[in-house]
Amino acid sequence: MKLLIAKNIGFCFGVKRAVETTEKLLEKIPVLYTVGDIVHNPLVMEKLKKKGLVVCNSTEEIKGEYFLVRSHGISKNEIEKLKKTNKKIFDMTCPFVKRIHYWVENLDKKGYYIIIIGNKNHPEVLGIKGYGKKIDVLEKKEDLKKIKGKKVDKIAIVGQTTLNFKNYLGLVENIIKKMEGREILILNTICKITEEREREAIEIAKKVDAVLVLGGKESSNTRKLYKICKKICKNTIYVEKFLDLRKIYYNNFKSIGIVSGTSTPYFFIDEVVGILKKNKYKEVF
């Protein structure tokens, strides 16, 4: 029985940097505060909380001296409020997200109306939104009514980094039709790592009887991998915790593929692979 593991798997650069920095800080600092989960993975968050990480719902709840900005980033206003309290801030915002903050802030100053394409409730999008004043978030085609009748001459479009590139371009095309005759600046802010994983997931799903998508259910990019694989391979299973492996009837599949989101830890991937090998699956390259 065959086991096909994606080459692009485990933590991406931004998540790896955030998690490793947090672990090092917790060796020196007994209590470290953050707003929202640093990464969208319950296993990672459980480990960090045991070491002294305290997750708050808002900056108002922070009681300690040390604060860590998660990989998704937070708004400029929140950062400025924290600086006024003289807290020690460790900014672990993903560099790709940080770049969007810079673009949005500068384009806003130049008089551009900013459109963010993404999930309006996602922490990354909420953070980006906090770097401009004239901003709207579009999630789907139906949201185009938000921009109907907008009296603006210059428009800049950015996207949540974990979006599917084709979906991003689809909504961009609709915006161009709606805002014809205006100056429109389109920025490609989609993370290339996300694109690579999606392409690889498609190839793997075509070759196997079942696909295991490893990652947290709150992870946007992991959910997208699941949807992509499910369209191609009906036996696609979301594996967030070890208990989810009980859903797998190993004898039914001659081949299994493994893909993961960018916030899935290597220790979890290794243990899942170990369980599959015990069930007589051999890795193929």
Side-chain angles (χ1 to χ4, degrees), residues 8 12-15 17-18 36 40 69-81 91-199 219-221 223-225 227-228 262:
N8 298 292
C12 66
F13 162 75
V15 170
R17 171 176 167 264
H40 284 147
V69 180
R70 59 182 170 174
S71 55
H72 306 101
I74 59 175
S75 71
K76 187 180 179 181
N77 183 49
E78 286 176 303
I79 285 280
E80 287 177 347
K81 278 197 295 183
D91 191 350
M92 288 296 107
T93 305
C94 171
F96 296 118
V97 176
K98 201 81 172 170
R99 182 179 60 176
I100 303 173
H101 291 175
Y102 172 79
W103 282 339
V104 167
E105 186 173 17
N106 282 278
L107 289 167
D108 183 73
K109 286 175 183 175
K110 290 176 182 177
Y112 280 84
Y113 161 56
I114 313 289
I115 295 174
I116 306 170
I117 297 177
N119 182 336
K120 64 182 178 181
N121 296 316
H122 194 279
E124 180 189 312
V125 172
L126 294 171
I128 295 167
K129 196 176 177 184
Y131 280 82
K133 294 173 185 174
K134 295 179 290 180
I135 292 185
D136 272 312
V137 179
L138 306 189
E139 195 168 340
K140 48 192 182 294
K141 198 174 178 180
E142 291 74 20
D143 293 333
L144 289 165
K145 59 188 177 184
K146 289 182 183 179
I147 65 174
K148 189 179 178 181
K150 286 276 184 183
K151 294 179 180 179
V152 291
D153 298 317
K154 300 190 296 182
I155 302 158
I157 305 171
V158 299
Q160 182 180 330
T161 57
T162 54
L163 287 181
N164 175 278
F165 189 62
K166 277 189 180 179
N167 293 344
Y168 177 61
L169 286 183
L171 208 42
V172 166
E173 285 174 12
N174 281 292
I175 293 167
I176 292 169
K177 288 174 188 175
K178 281 274 184 186
M179 310 300 270
E180 198 175 355
R182 332 281 175 93
E183 179 192 333
I184 301 178
L185 178 63
I186 303 157
L187 299 163
N188 181 6
T189 56
I190 311 304
C191 178
K192 283 185 171 55
I193 294 167
T194 302
E195 287 183 63
E196 286 169 6
R197 293 198 186 206
E198 288 179 1
R199 281 196 294 268
S219 166
S220 173
N221 67 88
R223 288 199 305 269
K224 286 185 180 73
L225 288 177
K227 287 177 184 177
I228 287 167
T262 56

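The residues of the chain are indexed from 1 along the displayed sequence.
For the atom pair OG1 of T93 and CD1 of I74, the computed distance is 7.0 Å after rounding to the nearest 0.5 Å. Distance check, rounded to the nearest 0.5 Å: CD1 of I155 to CD of E183 gives 9.0 Å. Interatomic distance, E139 CD to N167 CG, rounded to the nearest 0.5 Å: 11.5 Å. One finds the CD atom of E124 at 10.5 Å from the CZ atom of R70 (value rounded to the nearest 0.5 Å). The OH atom of Y113 sits 6.0 Å away from atom CD1 of I147, with the distance rounded to the nearest 0.5 Å. For the atom pair L107 CG and K109 NZ, the distance stands at 11.0 Å (nearest 0.5 Å).
Within a 6.0 Å radius of NZ in K146, more than 12 heavy atoms belonging to other residues, nucleotides or ligands are found. Surrounding NZ of K120 are at most 12 heavy atoms belonging to other residues, nucleotides or ligands under 6.0 Å away. In the displayed structure, K154 atom NZ is contacted under 6.0 Å by more than 12 heavy atoms of other residues, nucleotides or ligands.
In terms of heavy atoms, I114 sits closest to D108 at CD1-N, 4.2 Å. Here the shortest heavy-atom pairing between Q160 and S220 reads NE2-OG, 3.6 Å.
Comment: K224 does not engage E198 in a salt bridge, judged by the lack of any side-chain N to carboxylate O separation of less than 4.0 angstrom. Between D91 and K98 there is a salt bridge, with a side-chain nitrogen of the basic residue lying less than 4.0 Å from a carboxylate oxygen of the acidic one.
F96 is linked by a ring-ring contact (aromatic ring centres under 6.0 Å, His included) to nothing, counting only residues two or more places apart in sequence or in another chain.
Under a 3.5 Å cut-off, the side chain of T189 and the backbone N or O of G159 do form a donor-acceptor pair. The backbone N or O of S75 sits less than 3.5 Å from a side-chain atom of E78, completing a donor-acceptor pair. Here the side chain of N106 pairs no donor or acceptor atom with the backbone of W103 at under 3.5 angstrom. Of the possible polar contacts, one joining the N188 side chain to the I190 backbone as a donor-acceptor pair under 3.5 Å is found.
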Go through the steps for T262 and N221 under the test side chain to side chain donor-acceptor pair (under 3.5 Å), then give the verdict.
CA-CA 7 Å; T262 56; N221 67 88; 3.0 Å; yes

